[in-house]
S.K.: 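Sharing a structure, written as structure tokens. Questions coming.
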Amino acid sequence: MTRRTVEHATCLGCGCACDDIAVVVDGDRIAEARNSCPLGRAWFADGSVPRETRSSGKTVAPDVALADAAKLLGRAERPLVYLAPDISCETQRAAVAVADRLGALLDSPTAEVAAGILASQRRGRAGATLGEIRQRADLVVFWGVDPADRYPRYASRYAVDPTGLQAPDGRHSRRVVAVDVGPSRGAADADERVAITPEDEVDALAFMRAVVLGRVTGDGTVARAATGLATQMMRARYVALVHDAEPSPHGLLHHPDRAEALIALAQALNGPARCALSSLRAGGNRSGADAVATWQTGFPFAVDFAPGYPCYRPHAGAAVLLGRGEIDVALLVGSPAGVPPAVAAALGQVTTIAIGPRVSAAPFRPKVAIDTGVAGIHEGGIAFRMDDVPLPLRPALSGPSVAADVVRALAARLTKGQS
Ligand code: SF4
């Protein structure tokens, strides 16, 4: 068996999208993913994926599966197109075209971080690329998140360890503050810890913003902690305020106003100091789904094509319409493992066509299932990092069907009216 190495591969195991991975391939299996963290190694695994094409539970030829899928979608009264993770932007774009053609609702796991997106749309957002944070941040505040848990190389690649233009001694040039919000603890390797209860979190953020704007001082535990932290942030040259935008791993629901309070604090700090809000996002090119949907339709998620043009329905996305029983046929494009549990459960109650990695093994048993490769392992193209920087994918293996080709073939059948 021949051994070869694919250099500068991009890992989509989390939103860090590390593009310095050397993937060692032995025969038709991945033997090693050098430079990756344990999460990345689990994401690459040995690169094997199922290669099934199924319709009504039977193995069929790809043409038959596509014809069946086109028939089901063509007859749908209220179709849904759902962009799941582990597909490239090219595949996402092809799926958006199918949603447009069908007059479907288009949605993705981005709906899970809707509060932050809606707040950004209302207020704007003081952000930065991870490269800028690496170069400039001298104070890094981990707000209720230890990146070591779900974003393992964030600290070593971006902040806090690397050297930068204004951080010549790396970790020693930066001060790190961990804010522990209930069980959501900040980074373990912090110079200082501040504890806040989940009930006080939004009040503390509002208080900090008021302190930054020079409007308030106060007594009490929360006020003292907030005043101390806000003062420290105002005295910094460049603050990176890091929070986890994804749902809590502890099963706790974030306060609905939390994202807006973080955005507002970061904005206020761009008077006395500089501040960038760094929102941690999960992997599988989830950020690409927002980018492609916005580029193609004007809106990042929950886009309804039913009126004949794209309409934004952020409060009536896939989870809501599936829950109300309004969707009759769903096209899932991507990996079922990355679909939020409520949406995955509801997909089992409707006719589902699934195109993507490991869809033949989906727990909700799609009516038509066409396995494809995983973007970044078997398929090339573009994926977005959590800071909306697009990166090329360098596949190490050839896979089953290419997802973008399958979705385009389905779109062609729908356009020709072969449904
Ligand atoms: S930090 Fe994330 S993107 Fe980087 S190697 Fe680990 S899982 Fe992959």
Side-chain angles (χ1 to χ4, degrees), residues 5-25 30-49 84-89 109-110 112-113 129-134 137 140 142 145-162 164 170-171 176 186-189 240 242-249 278-291 334-335 337-338 357-358 373-397:
T5 302
V6 178
E7 302 283 355
H8 307 299
T10 302
C11 174
L12 298 183
C14 78
C16 288
C18 299
D19 55 353
D20 61 345
I21 311 296
V23 180
V24 180
V25 177
I30 293 174
E32 203 180 333
R34 284 183 200 142
N35 297 334
S36 66
C37 66
L39 190 61
R41 285 197 285 283
W43 184 77
F44 280 104
D46 69 356
S48 57
V49 285
D86 288 330
I87 54 174
S88 66
C89 291
T110 298
E112 290 212 298
V113 297
T129 64
L130 296 177
E132 180 174 317
I133 288 171
R134 173 187 173 132
V140 184
F142 288 105
V145 64
D146 185 345
D149 296 336
R150 299 204 285 183
Y151 314 92
R153 295 182 74 210
Y154 184 92
S156 63
R157 272 173 66 81
Y158 307 116
V160 295
D161 296 338
R171 174 68 178 85
V176 176
D189 171 31
V242 184
H243 75 113
D244 196 342
E246 298 290 342
S248 162
S278 180
S279 301
L280 305 181
R281 294 289 313 274
N285 195 24
R286 280 170 169 79
S287 301
D290 323 352
S335 174
R358 303 181 181 96
V374 179
I377 297 177
H378 312 94
E379 300 189 7
I382 297 291
F384 277 66
R385 202 166 63 187
M386 60 170 74
D387 56 347
D388 292 328
V389 169
L391 295 168
L393 302 174
R394 296 195 172 83
L397 299 174

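Just follow the structure's listing: the first ligand is 1, and inside any ligand the first atom is 1.
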S.K.: Taking N, O or S atoms only and a limit of 2.8 Å, check whether C18 reaches atom 4 (Fe) of ligand 1.
M.R.: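 So C18 does bind atom 4 (Fe) of ligand 1 by this criterion.
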
S.K.: Heavy-atom distance under 4.5 Å between the side chains of D189 and V176, does that happen here?
M.R.: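 Sidechains of V176 and D189: no contact.
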
S.K.: Would you indicate which of P147, S36, G40 comes nearest to atom 7 (S) of ligand 1 when only heavy atoms are counted?
M.R.: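 Among P147, S36, G40, the closest heavy atom to atom 7 (S) of ligand 1 comes from G40.
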
S.K.: Decide yes or no for C18 and S36: does some side-chain heavy atom of the first lie under 4.5 Å from some side-chain heavy atom of the second?
M.R.: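 No. Closest side-chain heavy atoms not under 4.5 Å.
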
S.K.: For C16 and Y158: C-alpha separation, side-chain torsions, deciding distance, then whether side chain to side chain contact (heavy atoms under 4.5 Å, CB included) applies.
M.R.: CA-CA 9 Å; C16 288; Y158 307 116; 4.2 Å; yes

S.K.: I need the nearest protein heavy-atom contact for atom 1 (S) of ligand 1: residue, atom name and distance, please.
M.R.: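 Its nearest protein heavy-atom neighbour is R153 N, 3.3 Å.
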
S.K.: Measure the spacing between CG of D146 and OH of Y151 and express it to the nearest 0.5 Å.
M.R.: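 Answer for the CG-OH pair, D146 versus Y151, is 11.5 Å.
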
S.K.: Sort out for me which residue in R157, R153, R394 forms a salt bridge (Lys or Arg N to Asp or Glu O under 4.0 Å) with D19.
M.R.: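 Among R157, R153, R394, the one that satisfies the salt bridge (Lys or Arg N to Asp or Glu O under 4.0 Å) with D19 is R157.
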
S.K.: Using a strict cut-off of 4.0 Å, indicate which atoms of ligand 1 neighbour a heavy atom of A17.
M.R.: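 The list of qualifying atoms is 3 (S).
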
S.K.: Number the atoms of ligand 1 from 1 as they appear, then name those within less than 4.0 Å of a heavy atom of G13, with their elements.
M.R.: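 Ligand 1 atoms under the 4.0 Å threshold to G13: 7 (S).
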
S.K.: Does the shortest distance from atom 8 (Fe) of ligand 1 to an N/O/S atom of C11 fall below 2.8 Å?
M.R.: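 It does: C11 brings an N, O or S atom closer than 2.8 Å to atom 8 (Fe) of ligand 1.
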
S.K.: Which residue owns the protein heavy atom closest to atom 2 (Fe) of ligand 1, what's the atom, and how far is it?
M.R.: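 Nearest protein contact, heavy atoms only, for atom 2 (Fe) of ligand 1 is C14 SG, 2.3 Å.
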
S.K.: Given side chains that start at C-beta, do those of L130 and M386 come closer than 4.5 Å, heavy atoms only?
M.R.: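 Yes. Closest side-chain heavy atoms under 4.5 Å.
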
S.K.: Examine C37 and say whether one of its N/O/S atoms is closer to atom 6 (Fe) of ligand 1 than 2.8 Å.
M.R.: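 Yes - counting backbone and side chain alike, C37 has an N, O or S atom under 2.8 Å.
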
